[in-house]
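Order of listing sets the numbers, starting from 1, for every ligand and every atom in it. Residue indices begin at 1 and follow the sequence shown.
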Amino acid sequence: MLTPIKRLGQNFLQDPNTIRRIVDALDAGPEDAVVEIGPGTGALTGLLSNKYSRFAAIEIDDRAADLLERDLPEARIIRQDILQTDWSSLAGEIGADRLHVIGNLPYYITSQILFSLLDAAPLIEEAVIMMQYEVAERLVAQPRTKSYGILSVALQLACDVRILFPVSRNVFYPKPDVRSAMVHLRFPQEPPHSAGDPAFLRTLIRTAFNQRRKTLRNSLSRILTENMPPLPEDLSGARAEELTPDDFVRLADYLLGRSA
Ligand code: SAM
């Protein structure tokens, strides 16, 4: 057993039923390529590396990697910061077109990991990931609710998001301060709602939600340029939380003169 390092978000799963349920949530066949984020002491890793021959796990803590290499010699452990991981090189190394991702995430970087998965969307088939319950609620939130925000819009545009089940604090050592949930993301082969300029779309979403209490007329003024048409009247007085993910795509295309 390792002494858990709080700064690395180390809360290790202890309960065999929960562990089994998480591994079973992955919709992968034995030939598929599976990547685990943050294997830690290997709660999920043993089952996963047994089940999938094309398996790799990415771990930043050398102590955990040493332990895993000793106890699970068949598992491929990559000592790396997940935020520095180049998903395309990784898929190439494993020899896979699309990856199945799984992990009990280090919660301190959940959003960054989600955005890194979004950036790699064409290479990802699905992700079965544990996160803080409130973050999971943000991913599935609907417009006009408190939880609806950047993560809801960005995720819902890129993939189908489902909360699979809540996870009790009691199944971890040490017990986290927050509630947890398992989430399933399924990435379609073709992104369902893509804007002409995805970078501008992301800026638009971020800018609108950074000042979510303001009307779009005010919150977006910083990024609206002279070359752009004026905001449509019905949106000008609206707030970010009133727009659906599709509305954001249409608005981005409209402002860049790409609308049909
Ligand atoms: N999978 C194990 C389990 O369920 O018991 C451990 C999960 S623990 C919540 C998160 C794991 O992510 C830890 O092993 C931690 O060392 C690792 N980790 C933290 N930051 C990381 C990073 N930037 N890149 C890769 N792994 C990281």
ask   = Any non-hydrogen atom of Glu36 lying under 4.0 Å from ligand 1?
value = yes

ask   = Less than 3.5 Å between some nitrogen or oxygen of Asp81 and one of ligand 1, yes or no?
value = yes

message = Pairing donors with acceptors under 3.5 angstrom, does anything connect the side chains of Ser116 and Asp119?
response = no

query = So, is Pro39 polar-close to ligand 1, with some N/O to N/O distance under 3.5 Å?
reply = yes

ask   = Hey, are Glu36 and Thr45 close enough side-chain-wise for a donor-acceptor pair under 3.5 Å?
value = yes

key: Heavy-atom pair of closest approach, residues Pro245 and Tyr148   = CD-OH, 3.2 Å

key: Asp97 atom CG: more than 12 heavy-atom contacts under 6.0 Å   = no

ask   = Does a side-chain heavy-atom distance below 4.5 Å link Ile37 with Thr85?
value = no

note = So the atoms of ligand 1 within less than 4.0 Å of a heavy atom of Asn104 turn out to be 3 (C), 4 (O), 7 (C), 8 (S), 9 (C), 10 (C)

key: 4.0 Å heavy-atom contact, Ala64 with ligand 1   = no

request  = Please check if atom CZ in Arg162 has more than 12 non-hydrogen atoms from other residues, nucleotides or ligands closer than 6.0 Å.
outcome  = no

ask   = Which of the atoms of ligand 1 are close to Gly9, meaning less than 4.0 Å from one of its heavy atoms?
value = 8 (S), 9 (C), 10 (C)

ask   = If we ignore angles and hydrogens, is there a donor and acceptor under 3.5 Å between the side chains of His100 and Glu125?
value = no

task = Report yes if some N/O of Gly38 lies less than 3.5 Å from some N/O of ligand 1; otherwise report no.
result = yes

task = Could you tell me whether Glu59 and ligand 1 have an N or O pair separated by under 3.5 Å?
result = yes

key: Gln84 near ligand 1 by a heavy-atom separation under 4.0 Å   = no

key: Atoms in ligand 1 flagged as close to Gln80, the criterion being non-hydrogen separation under 4.0 Å   = 24 (N), 25 (C)

message = For the 3.5 Å polar cut-off, considering only N or O atoms, please tell me whether Leu13 and ligand 1 meet it.
response = yes

ask   = Does Leu8 reach ligand 1, in the sense of a heavy atom lying below 4.0 Å from it?
value = yes

query = N/O to N/O below 3.5 Å, does that happen between Ile82 and ligand 1?
reply = yes

request  = Would you check the N or O atoms of Gly40, main chain and side chain alike, for any that come under 3.5 Å of an N or O of ligand 1?
outcome  = yes

Heavy-atom nearest neighbour in the protein, as seen from atom 20 (N) of ligand 1, with distance rounded to 0.1 Å = Tyr108 OH, 2.8 Å

message = Taking the side chain as everything from C-beta on, heavy atoms only, tell me whether Leu13 gets closer than 4.5 Å to Phe172.
response = yes

message = Could you check whether any heavy atom of Tyr107 sits closer than 4.0 Å to an atom of ligand 1, since that is the contact criterion I want to use?
response = no

message = Can a side-chain donor-acceptor contact be found between Gln211 and Asn218 if the only test is distance below 3.5 angstrom?
response = no

inquiry  = Below a 4.0 angstrom heavy-atom separation, can you tell me which part of Leu105, side chain or backbone, both or neither, approaches ligand 1?
reply    = backbone

ask   = Can you find a non-hydrogen atom of Leu83 under 4.0 Å from ligand 1?
value = no

ask   = Salt bridge between Glu134 and Arg179, side-chain N to carboxylate O under 4.0 Å?
value = yes

task = Compute whether any side-chain donor of one residue and acceptor of the other, for Glu137 and Ser147, lie under 3.5 angstrom apart.
result = no

query = Are more than 12 heavy atoms from other residues, nucleotides or ligands located less than 6.0 Å from atom CD of Glu31?
reply = no

inquiry  = Could you tell me, atom by atom, which parts of ligand 1 come under 4.0 Å of a heavy atom of Ile60?
reply    = 18 (N), 19 (C), 20 (N), 21 (C), 22 (C), 23 (N), 24 (N), 25 (C), 26 (N), 27 (C)

